[in-house]
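On a predicted model such as this, the values are computed, not experimentally measured, just so you know.
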Amino acid sequence: MPLWLLPLAGTLIAAAYPLASHFQMVARENNASESLAAIHRAQQTFRGGAGRGGYATAIESLTAVCPGEAISALSQGRQVDGYTIQLRAARDARLVGSDCHGR
């Protein structure tokens, strides 16, 4: 192998690392975004069923199956590629009631 290829190979490897890191970050952000969209859909399902017109304030309310439901509204947990997902009631929220699990 010609010696002039060694610096070129080193430069290409050094340039590839930030690019690979960028693509990994974009993939993690896309996964987190998809998870937020799934939570939105699960909230809409919850509101129409077990939530009795209200939204869930705990992720467990979206992941636990209520009696009479075939599947849970959301199957993912709280951690998505390093992002932590938390639900909480809005400051002006009013209590509508409890879900089928008493939450």
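- Transitive grouping of hydrophobic side chains (ILVMFWY, heavy atoms separated by less than 4.5 Å) keeps Ile59 and Tyr55 in distinct clusters.
- At least one donor-acceptor pair under 3.5 Å links the side chain of Arg47 to the backbone N or O of Gly53.
- Note: Leu6 CG to Thr11 OG1 = 10.5 Å, rounded to the nearest 0.5 Å.
- Note that CD1 of Ile39 and CD of Glu34 are 12.5 Å apart. Values are rounded to the nearest 0.5 Å.
- Between the side chain of Ser33 and the main chain of Glu29, no donor-acceptor pair closer than 3.5 Å is present.
- Rounded to the nearest 0.5 angstrom, Phe46 CZ and Thr57 OG1 are separated by 7.5 Å.
- The CG atom of Leu36 lies 11.5 Å from the CD atom of Gln43; values are rounded to the nearest 0.5 Å.
- Nearest approach of Pro18 to Ala15, heavy atoms of both residues: CD-O, 3.3 Å.
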